[in-house]
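All heavy atoms count here, side chains included; hydrogens, waters and symmetry mates do not.
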Amino acid sequence: MRGSLTRALTGALGLIAAAAGQVATAVPVAADSVVVGGRQVQISDAPWVVALSSRDRFGGTRAGQFCGGVVVAPTKVLTAAHCLGREVLGGEPWEVRDFVVIAGRAALRGQGGQEVRISDTWVNPDYDPTTNSGDLAVLTLRSPLPQSYVIGVAPAGDAAYAPGTAADVYGWGDTTGNGTYASTLRTARVQVLPDSACERAYPGGFGVPYRSDTMLCAGDPQGGRDACQGDSGGPLVAKGLLVGLVSWGSGCGQAENPGVYTRVSAVLPTRF
Ligand code: 4AZ
């Protein structure tokens with residue numbers, strides 16, 4: 001599987017399979033492998049994390065969650081562009097009638113927080129679905145979330161992007177690598193890795209190459225802690241600021257295959 005690209009396309013298919021009651025047969029990558037290797041987190045500790053939801057498309061058991069997102073202004077949520085792709089949504093975002101952002105809720109089976117409808121979607125025009133470069137989209141919410149939910153974005157050159165910086169990734173994705181989706185929010189501690197770690201893992205050729213201009217490399221040098229399917233679009237936070245969005249990688253939690261994130265400072269427009 002080396003170099004093979006996995007992302008929310010397969011995540012979405014996994015969710016559909018799970019909704020249909022099918023049993024996953026893949027071998028877990030690690031025994032306790034957010035988010036693989038993670039822990040549960042209260043929404044009050046990470047109020048900027050939101051779930052993207054469509055119960056019509058993904059089923060109601062986990063409130064229709066299919067990707068993550070992050071609140072960067074009261075009416076603006078960042079997510080991965082690939083989360084809004086036709087392969088994931090089955091059509092254009094505005095055709096998904098019950099598309100909502102779920103904010104202020106860690107437990108997908110609970111009633112906490114709020115569900116907010118979307119008035120506009122903006123997909124980075126430089127997003128390349130073949131290479132996943134520039135994997136960022138902006139959702140505009142119909143009604144504002146509290147200012148206290150907003151997280152700041154680390155500007156280009158900020159110390160938060162330095163290799164070795166501790167970073168936390170958040171999501172409701174696969175906790176094992178075999179299709180076991182979380183129903184409560186989880187987080188895993190990883191670190192920003194040098195671009196060379198992802199250039200080595202993803203040199204291109206057969207697979208998709210890592211691009212340091214639009215992507216950010218992060219993971220656990222020991223393996224075990226990582227983002228996984230269903231976490232796409234969710235935040236990577238370092239020094240209290242947003243640095244990345246979960247984008248892609250080969251497998252989950254393997255030391256030699258770090259997670260690849262959208263480098264938010266490089267891709268986020270100054271106006272959206
Ligand atoms: C996914 O499918 C996905 N381990 C996200 C992150 C990673 C792999 C897959 C990185 O959404």
Point to revise | Under 3.5 Å: donor-acceptor pair, side chain of R211, backbone of N132 | key: no
Review point. Heavy atoms, side chains only, cut-off 4.5 Å: are V101 and E115 in contact?
Key: no
Study note, to complete from the structure: Closest heavy-atom pair, G251 versus D226, reported as atoms and distance to 0.1 Å, is O-OD2, 4.2 Å
Review point. Which heavy-atom pair separates S247 from D135 by the least distance, and what is that distance?
Key: OG-OD2, 2.7 Å
Practice item. Mind running side-chain contact (heavy atoms from CB on, under 4.5 Å) on C198 and M215 for me, showing each step along the way? Key: CA-CA 10 Å; C198 278; M215 301 175 189; over 6 Å; no
Check your understanding: Counting only heavy atoms not in Q111, do more than 12 sit closer than 6.0 Å to its CD atom?
Key -> no
Review point. Just by modelled atom types, is the A63 backbone N or O under 3.5 Å from a matching donor or acceptor in the S53 side chain?
Key: yes
Revision key, fill the gap. Contacts of R86 meeting salt bridge (charged side-chain N to carboxylate O under 4.0 Å, His left out) (sequence neighbours excluded), chain-then-number -> E92
Exercise for review: Would you please classify the geometry between the Y170 ring and the W48 ring as parallel, tilted or perpendicular, with 30° and 60° separating the classes?
Suggested key: perpendicular
Study note, to complete from the structure: To the nearest 0.5 Å, atom CG of D126 lies from atom CG of L136 at 11.0 Å
Review point. Is there a donor-acceptor pair under 3.5 Å between the side chain of Q65 and the backbone N or O of C67?
Key: yes
**Study point:** Closest non-hydrogen atom pair between C83 and V88, with its separation
**Key:** O-CG1, 3.5 Å
Exercise for review: With the side chain counted from C-beta on, respond yes when L52 and L139 share a heavy-atom pair under 4.5 Å apart, and no when they do not.
Suggested key: yes
Review point. Do any N or O atoms from the side chain of R225 and from the backbone of V190 form a donor-acceptor pair under 3.5 angstrom?
Key: no
Review point. Side chain of D158, backbone of P155: donor and acceptor closer than 3.5 Å?
Key: no
Point to revise | Test item: R57 side-chain N/O and L89 main-chain N/O as donor-acceptor pair under 3.5 Å | key: yes
**Study point:** Pair Y149-I151, side-chain contact (heavy atoms from CB on, under 4.5 Å): steps then yes or no
**Key:** CA-CA 7 Å; Y149 286 19; I151 188 170; over 6 Å; no
Revision key, fill the gap. Between the CG atom in D231 and the CG atom in L245, the distance rounded to the nearest 0.5 Å is 12.0 Å
**Study point:** Any donor-acceptor pair under 3.5 Å from S133 side chain to Y127 backbone
**Key:** no
Practice item. Applying salt bridge (charged side-chain N to carboxylate O under 4.0 Å, His left out), name anything that partners R109, two or more places apart in sequence or on another chain. Key: none
**Study point:** Reported CG-to-CG distance for the pair L236 and L242, which is rounded to 0.5 angstrom
**Key:** 8.0 Å
Exercise for review: Please confirm whether the backbone N or O of S250 pairs with a side-chain atom of Y202, one donor and one acceptor, at under 3.5 Å?
Suggested key: yes
Review point. So, do Y181 and D174 sit near enough that their side-chain heavy atoms are less than 4.5 Å apart?
Key: yes
Practice item. Drop me the distance from L185's CG to Q42's CD, to the nearest 0.5 angstrom. Key: 9.5 Å
Point to revise | Hphob cluster co-occupancy, L193 + W248, side-chain heavy atoms under 4.5 angstrom | key: no
Practice item. To the nearest 0.5 Å, tell me how far H82 NE2 sits from E87 CD. Key: 9.5 Å
**Study point:** side-chain contact (heavy atoms from CB on, under 4.5 Å) assessment of K76 paired with T140
**Key:** CA-CA 5 Å; K76 301 289 178 182; T140 302; 2.8 Å; yes
**Study point:** Exercise: identify the closest heavy-atom pair between T165 and A238
**Key:** CG2-CB, 3.9 Å
Review point. Do D195 and R263 meet the salt-bridge criterion of a basic N to acidic O distance under 4.0 Å?
Key: yes
Point to revise | Single-linkage hydrophobic cluster, 4.5 Å side-chain cutoff, V192 and L241 together | key: no
Study note, to complete from the structure: Looking only at heavy atoms, the pair that brings A137 and L84 closest together is CB-CD1, 3.7 Å
Review point. Is V100 isolated, or which residues cluster with it under the ILVMFWY side-chain rule of less than 4.5 Å, directly or via members?
Key: I102
Review point. Which value, rounded to the nearest 0.5 Å, describes the distance between R39 atom CZ and D168 atom CG?
Key: 7.0 Å
Review point. What closest approach, in Å, do V123 and A81 show between heavy atoms, and which atom pair accounts for it?
Key: CG1-CB, 3.9 Å
Point to revise | From CA spacing to verdict: side-chain contact (heavy atoms from CB on, under 4.5 Å), L78, V138 | key: CA-CA 5 Å; L78 303 187; V138 183; 3.8 Å; yes
Exercise for review: Side-chain contact test, heavy atoms from C-beta onward, threshold under 4.5 Å: evaluate it for L145 versus Q114 and give yes or no.
Suggested key: yes
